[in-house]
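Just follow the structure's listing: the first ligand is 1, and inside any ligand the first atom is 1.
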Amino acid sequence: MAKILVTGGCGYIGSHTLVDLIEHGYDVISIDDLSRSSLSALTGVEMITGKKVKNYKVDLKNFDETLAVFQEHPDISGVIHFAAYKAVGESVGNPLLYYENNLLSLISLLKCVKEFGIPHIVFSSSCTVYGNPDHIPVTETTPIQPAASPYGATKQMGEEIVRNLADSSDVKAVLLRYFNPVGAHPSALIGEMPLGKPQNLVPAITQTAAGKLPMMMVYGNDYPTRDGSCIRDYIHVCDIARAHTLALQYLASGKQQTPTEVFNLGTGNGITVLEAIHSFEAVSGVSLNYTIGPRRDCDIVAIYANNEKALQTLGWSIQYDLHAMMRTAWAWECRIQETEKQARNN
Ligand code: WQD
């Protein structure tokens with residue numbers, strides 16, 4: 001049974017990927033410093049899969065502590081690297097925090113990958129590397145534009161660092177560029193756990209619907225789109241997770257002839273903010289309390305993926321549509337509310 005190290009395994013996409021890996025026969029361990037996540041995610045993973053996943057509470061920037069995990073597990077055959085800070089707004093206000101955390105963590109991890117001759121790495125990247133594209137849908141060869149935020153810059157630099165390692169060693173790498181991951185596992189046992197006031201659209205919708213937030217704001221309806229609101233490619237987190245398992249299988253198959261391959265992980269459908277809200281209202285039966293406000297800095301008008309390469313090369317397929325994304329996000333939010341209510345009553 002191949003053993004995979006997942007960094008950030010207690011996070012949103014990391015925990016969903018642990019589930020998919022276990023369900024496809026992999027042995028998994030996690031490194032997560034729990035600075036922006038919780039071990040409760042692994043409780044959910046165990047409830048879904050029946051498998052207890054060991055997490056090492058290690059700061060990846062600490063090379064010696066990271067190395068010790070690899071020394072304890074010399075049979076690691078692949079690494080999936082999620083662990084990074086990802087709040088765009090925070091990165092603008094505190095760029096050095098993002099460069100230090102996201103890049104030093106990556107470099108420390110890759111030094112271990114190289115030292116232990118780990119053959120395969122999958123790197124968590126983002127459509128943010130495309131900046132504000134001149135043409136959509138974007139393909140993997142769409143020119144990279146200057147990053148719109150330090151967070152986006154760390155993803156662009158991270159891709160180059162991984163690519164350069166692959167070019168200079170026997171490591172083979174896959175870079176996965178996520179569009180907008182949303183939704184939750186159908187069991188509602190794991191899902192997105194934003195810290196503080198949610199910045200991303202779907203948790204803002206579900207927390208407003210649950211009454212956790214009094215109202216949400218649509219950041220602008222005067223864009224040149226079909227209803228004036230921004231267009232994004234929302235993709236279910238379980239579809240994203242599945243692509244990671246397929247990427248490892250692709251690497252293990254030996255089919256990848258190049259040191260590094262890049263794949264867009266999106267549905268290929270552009271959805272407006274207002275369409276997302278209307279989908280949520282349709283599946284939840286909740287009339288959402290939102291208002292139209294001014295545009296948000298750094299927002300681009302529209303982006304969505306050409307996902308043909310991932311569909312053809314990885315054998316990937318999209319299992320969840322927009323309604324399913326909203327339905328699972330709402331079920332997860334309702335479960336969080338119920339859990340918090342029980343905690344208050346105890
Ligand atoms: C989507 C749309 C907002 C909240 C970011 C990162 C990207 C990736 C996903 C990590 C925009 C609008 C949002 C709200 C709103 N993260 N919105 N009211 O900015 O496309 O992408 O998260 O990889 O790298 O850049 O996602 O969910 O923040 O916004 O109107 O309360 O929803 O203006 O048009 P974004 P988002």
Side-chain angles (χ1 to χ4, degrees), residues 8 11-14 16-17 36 81-92 98 102 123-133 136 138 144-145 147-156 158-159 175-183 192 194-209 212-237 240 243 264-267 270-280 288-305 322 325-326 329:
Y12 175 40
I13 305 174
H16 285 80
T17 301
R36 304 207 169 181
H81 180 48
F82 291 106
Y85 294 161
K86 69 156 194 104
V88 171
E90 180 186 39
S91 78
V92 173
Y98 270 67
N102 291 5
F123 176 70
S124 167
S125 189
S126 167
C127 64
T128 201
V129 303
Y130 295 113
N132 193 2
I136 48 177
V138 294
I144 301 297
Q145 290 195 10
S149 68
Y151 161 73
T154 66
K155 286 303 180 185
Q156 290 179 345
E159 287 195 359
L175 312 177
L176 297 179
R177 291 174 179 165
Y178 316 148
F179 281 69
N180 287 55
V182 297
E192 192 169 5
L195 298 173
K197 185 174 185 295
Q199 300 306 306
N200 293 135
L201 176 64
V202 173
I205 289 174
T206 59
Q207 289 193 16
T208 301
K212 212 169 178 181
L213 296 173
M215 178 188 67
M216 74 158 281
M217 186 178 288
V218 172
Y219 297 132
N221 69 343
D222 58 349
Y223 288 97
T225 64
R226 51 186 177 266
D227 64 16
S229 63
C230 292
I231 290 174
R232 294 291 184 274
D233 187 333
Y234 299 100
I235 171 98
H236 197 280
V237 64
I240 293 269
N264 283 339
L265 296 186
T267 64
I271 300 293
T272 73
V273 174
L274 291 171
E275 288 165 348
I277 289 174
H278 297 150
S279 168
F280 174 81
L288 193 69
N289 182 20
Y290 69 91
T291 182
I292 306 293
R295 296 182 176 189
R296 179 173 71 171
D297 289 347
C298 294
D299 270 339
I300 61 175
V301 185
I303 188 167
Y304 57 93
L322 182 63
M325 296 177 208
M326 294 301 167

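A donor-acceptor contact shorter than 3.5 Å links the side chain of Thr17 to the backbone of Ile13. With hydrogens and angles ignored, the 3.5 Å screen pairs no side-chain donor or acceptor of Ser125 with any backbone N or O of Arg177. For the pair Asn102 (side chain) and Thr154 (backbone), a donor-acceptor distance under 3.5 Å is absent. Checking side-chain atoms of Ser229 against main-chain N and O of Leu274 turns up a donor-acceptor pair under 3.5 Å. With hydrogens and angles ignored, the 3.5 Å screen pairs no side-chain donor or acceptor of Arg36 with any backbone N or O of Gly11.
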Query - Trace of the side chain to side chain contact (heavy atoms under 4.5 Å, CB included) decision for Val273 with Leu201 - result: CA-CA 8 Å; Val273 174; Leu201 176 64; 3.9 Å; yes
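Using a 4.0 Å cut-off to heavy atoms of Cys230, the atoms of ligand 1 that qualify are 34 (O). Within ligand 1, counting atoms from 1 as listed, the ones closer than 4.0 Å to a heavy atom of Val273 are 2 (C), 12 (C), 30 (O), 32 (O), 34 (O). Against a heavy-atom cut-off of under 4.0 Å, Met216 is close to the following atoms of ligand 1: 14 (C), 18 (N), 31 (O). Residue contact check: Met217 has heavy atoms under 4.0 Å from atoms 14 (C), 15 (C), 18 (N), 30 (O), 31 (O) of ligand 1. Below 4.0 Å from some heavy atom of Thr128 lie the following atoms of ligand 1, by number and element: 24 (O). Shown in contact with Val88 at under 4.0 Å from a heavy atom are these atoms of ligand 1, numbered in order with element: 6 (C), 25 (O). Within ligand 1, the atoms closer than 4.0 Å to a non-hydrogen atom of Ala204 are 31 (O), numbered from 1 in the order shown.
Of the protein's non-hydrogen atoms, the one nearest atom 2 (C) of ligand 1 is Tyr234 OH, 3.6 Å. Nearest protein heavy-atom contact of atom 4 (C) of ligand 1 is Gln199 O, 3.3 Å. For atom 24 (O) of ligand 1, the closest heavy atom belonging to the protein is Ser126 OG, 3.0 Å. For atom 26 (O) of ligand 1, the closest non-hydrogen atom on the protein side is Asn180 ND2, 3.1 Å. Looking from atom 33 (O) of ligand 1 to the surrounding protein, the closest heavy atom is Asp299 OD2, 2.5 Å.
Smallest separation of non-hydrogen atoms from Lys155 and Phe123: O-CE2, 4.0 Å.
Within the 4.5 Å cutoff, the side chain of Asn264 has heavy atoms near those of the Val138 side chain. Looking at heavy atoms from C-beta onward, Leu288 lies in side-chain contact with Ile205 at the 4.5 angstrom threshold. Counting heavy atoms from C-beta outward, Val88 and Gln199 have side chains that stay 4.5 Å or more apart.
Note that the CG atom of Leu265 and the CG atom of Leu176 stand 5.0 Å from one another [nearest 0.5 Å].
Of the listed options Tyr151, Phe179, Tyr219, Tyr219 places a heavy atom closest to atom 15 (C) of ligand 1. Nearest to atom 19 (O) of ligand 1 by heavy atom, out of Arg296, Arg177, Arg232, is Arg296. Ranked by closest heavy atom to atom 36 (P) of ligand 1, the top entry among Ile277, Val218, Asn200, Thr208 is Asn200. For atom 13 (C) of ligand 1, the nearest non-hydrogen atom from the set Val129, Leu201, Val182, Ile231 belongs to Leu201.
Proximity of Arg295 to ligand 1, defined as any heavy-atom pair under 4.0 Å, is not found for any part of the residue. Counting heavy atoms under 4.0 Å from ligand 1, residue Tyr12 does not touch it at all.
Ligand 1 lies out of reach of Tyr223, whose nearest heavy atom is not under 4.0 Å from it.
Note that Arg232 lies outside the cation-pi zone of Phe179, set by a 6.0 Å cut-off to the ring centre and a 45° limit from the axis.
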